[in-house]
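Written out below as structure tokens is the structure these notes cover.
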Amino acid sequence: MLYRIRNLGTWLSMKKSTFDANRDVSTVHQSRLSIFQATRRPRHLKREITTPWGTVKVDGKLGQNHQDLLDSCFAVAERVVVGEDRRIFIQVDPYLLRKKLHGVPYQRIKEWFVNLRAATLLINAKNLTGDNEWKVTGIVDEATKSHKTINVARRNGLIGVAENSPRHYLRVVISPTWSKLIFEDIGTNYRGQLDLILAMKCGAAQSIARQMLGHAGAAHFSMEKLLASIGAEIGNRNKFRVIHSVLKEAERFKIAGIHVSESLASIGRASSVPGKSGSNRRAFPELTSSGPGNASHIPGKMPPS
């Protein structure tokens, strides 16, 4: 079924979002509110996190691997469009998605999508929700095989592959409530640093990198306060163990423009936040280019189911 978007330009002009799916992979409040646990081994938890940017209550199993998956979907997307029901539809080559995630088994990716669908959140952040509290019932509505296929022989440039050896696209549908968060939030462009983040073995390090790269220009935080803001579970017994794990990623932090030490984390570079560095393109502009990692946004059409 195809949906048609009416008055898309007028509707988007009323939005304050700067998220551009051809450039951004996340938004600032996803990291600043510590929605995703600062670990690669999350547990199903009911937790409440309060940060200087707001409060979020999470009921679900959401970790840095789940954010890796969401970021990677936008990073390798071939098409990203908005439906009439204001849900975001992403068309992804599953092979490129798995490759981006360093060869994670498809079964594990399916499990992560199930967790993203099952999670519920209550978000209260004045700069995002005003005086209201938003309820997010599931981040992803569905992740299913599309009937549209990829010509494997053409894509891989292989000789001898049969013409009838297609690979199906993956069709990822973002829930209306999470789509609303993206529409209302500010996009962050750490696409160029995403591979560094995905290569990190420490979930706390990934969470720190995402939060630091979401700040406008230079930023300095004490390591202890930063670990508390990302929701890392730190007591006297494991505090130094977590910091040691973070410092193991110092070289990747350095390449990303972030300095980390036992007591401090700092960044001093051009902002990845649109509007803070002179860029303020509206969400989902109409583009003509397409291809892996260069999504084509086609208002009025949606990826086939």
Side-chain angles (χ1 to χ4, degrees), residues 19 24-75 88 90 97 100-102 104 108-125 128 134-140 143 172 174-175 177-182 185-188 190-191 193-194 196-215 226-234 242 245-246 249 256 265 272:
F19 184 88
D24 304 326
V25 293
S26 186
T27 64
V28 295
H29 281 87
Q30 290 183 44
S31 57
R32 290 183 183 180
L33 294 177
S34 300
I35 291 171
F36 298 88
Q37 296 174 41
T39 176
R40 296 197 55 77
R41 295 182 179 180
R43 294 174 292 159
H44 188 287
L45 296 174
K46 290 184 178 180
R47 60 195 184 101
E48 180 175 336
I49 308 100
T50 299
T51 73
W53 298 281
T55 300
V56 61
K57 299 176 183 177
V58 182
D59 183 358
K61 184 179 181 181
L62 297 176
Q64 290 302 301
N65 37 16
H66 297 87
Q67 189 156 17
D68 289 348
L69 178 57
L70 284 176
D71 290 353
S72 297
C73 282
F74 281 108
I88 298 172
I90 309 173
L97 178 61
K100 190 74 171 176
L101 292 167
H102 299 283
V104 172
R108 183 68 56 83
I109 292 174
K110 290 179 182 178
E111 291 173 7
W112 292 346
F113 275 126
V114 170
N115 297 149
L116 287 166
R117 182 175 182 179
T120 58
L121 302 88
L122 289 174
I123 300 173
N124 195 329
L128 181 66
W134 286 359
K135 184 174 183 180
V136 177
T137 52
I139 293 174
V140 170
V172 180
I174 306 299
S175 74
T177 44
W178 193 257
S179 296
K180 179 182 178 182
L181 181 147
I182 291 175
D185 207 354
I186 300 171
T188 54
Y190 52 73
R191 185 186 293 262
Q193 294 85 17
L194 181 58
L196 293 169
I197 296 173
L198 296 177
M200 291 179 176
K201 305 300 182 183
C202 172
Q206 288 185 298
S207 187
I208 288 172
R210 286 184 164 106
Q211 185 167 137
M212 297 297 289
L213 290 169
H215 281 280
L226 186 57
L227 289 173
S229 73
I230 64 173
E233 297 178 5
I234 294 186
V242 174
S245 297
V246 170
E249 305 290 354
S272 64

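No hydrogens, no waters, no symmetry mates; every other heavy atom, side chains included, goes into these values. These numbers were taken from a predicted model, which means no experiment stands behind them. Along the sequence shown, residues are numbered consecutively beginning with 1.
Between V242 and A204, the shortest heavy-atom contact is CG1-CB, 4.1 Å. Annotation for I49 and S34: closest pair CD1-O, 3.9 Å, computed over non-hydrogen atoms. In terms of heavy atoms, E249 sits closest to C202 at OE2-N, 3.7 Å. Shown here for S207 and Q64, the closest heavy-atom pair between the two residues is N-OE1, 3.6 Å. Considering every non-hydrogen atom in both I35 and H29, the closest pair reads CD1-O, 4.1 Å. Nearest heavy-atom pair, G138 versus S175, reported as atom, atom and distance to 0.1 Å: O-OG, 2.5 Å.
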Inset, instruction - Please step through side chain to side chain contact (heavy atoms under 4.5 Å, CB included) for the pair V58 and L121, ending with a clear verdict. - result: CA-CA 5 Å; V58 182; L121 302 88; 4.1 Å; yes
Legend entry - Residue pair I186, T27: steps toward the side chain to side chain contact (heavy atoms under 4.5 Å, CB included) verdict: CA-CA 5 Å; I186 300 171; T27 64; over 6 Å; no
Inset, instruction - Report the C-alpha separation of D71 and L198 in whole Å, then their side-chain angles, then the decisive distance to 0.1 Å, and conclude whether the side chain to side chain contact (heavy atoms under 4.5 Å, CB included) test is met. - result: CA-CA 10 Å; D71 290 353; L198 296 177; 5.8 Å; no
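The CG atom of L45 lies 4.5 Å from the CD atom of Q37; values are rounded to the nearest 0.5 Å. Note that the CZ atom of R32 and the CG atom of D185 stand 8.5 Å from one another [nearest 0.5 Å]. To the nearest 0.5 Å, the span separating CZ on R210 from CZ on F36 amounts to 8.5 Å. The distance from atom CD1 of I109 to atom CG of L101, rounded to the nearest 0.5 Å, is 5.0 Å. The line from CG of L97 to CD1 of I90 is 10.0 Å long, rounded to the nearest 0.5 Å. Note: R47 CZ to L62 CG = 7.5 Å, rounded to the nearest 0.5 Å.
The main-chain N or O of I197 is found under 3.5 Å from a side-chain atom of Q206 such that the two form a donor-acceptor pair.
Side chains of L227 and I208 form a contact here, defined as non-hydrogen atoms less than 4.5 Å apart. You'll find the side chain of L128 stays beyond 4.5 Å of the side chain of V28, heavy atoms only. Side chains of W134 and T177 form no contact here, defined as non-hydrogen atoms less than 4.5 Å apart. For the pair I88/S179, a side-chain contact is recorded, criterion being any heavy-atom separation below 4.5 Å from C-beta on. D59 has its side chain within reach of H44: a pair of non-hydrogen atoms, C-beta onward, lies under 4.5 Å apart. S31 places none of its side-chain heavy atoms less than 4.5 Å from the side chain of Y190. In this structure the side chain of K100 reaches within 4.5 angstrom of the side chain of L194, judged on heavy atoms.
Relative orientation of the W112 and H66 rings is tilted, given thresholds of 30° and 60° on the angle between their planes.
If you run side chain to side chain contact (heavy atoms under 4.5 Å, CB included) between V25 and each of Q30, R191, Q67, only R191 comes through. With T50 as reference, T55 is the one residue of V56, T55, L33 to meet the side chain to side chain contact (heavy atoms under 4.5 Å, CB included) rule.
Contacts of R40 classified as salt bridge (charged side-chain N to carboxylate O under 4.0 Å, His left out), with partners at least two apart in sequence or in another chain: D68.
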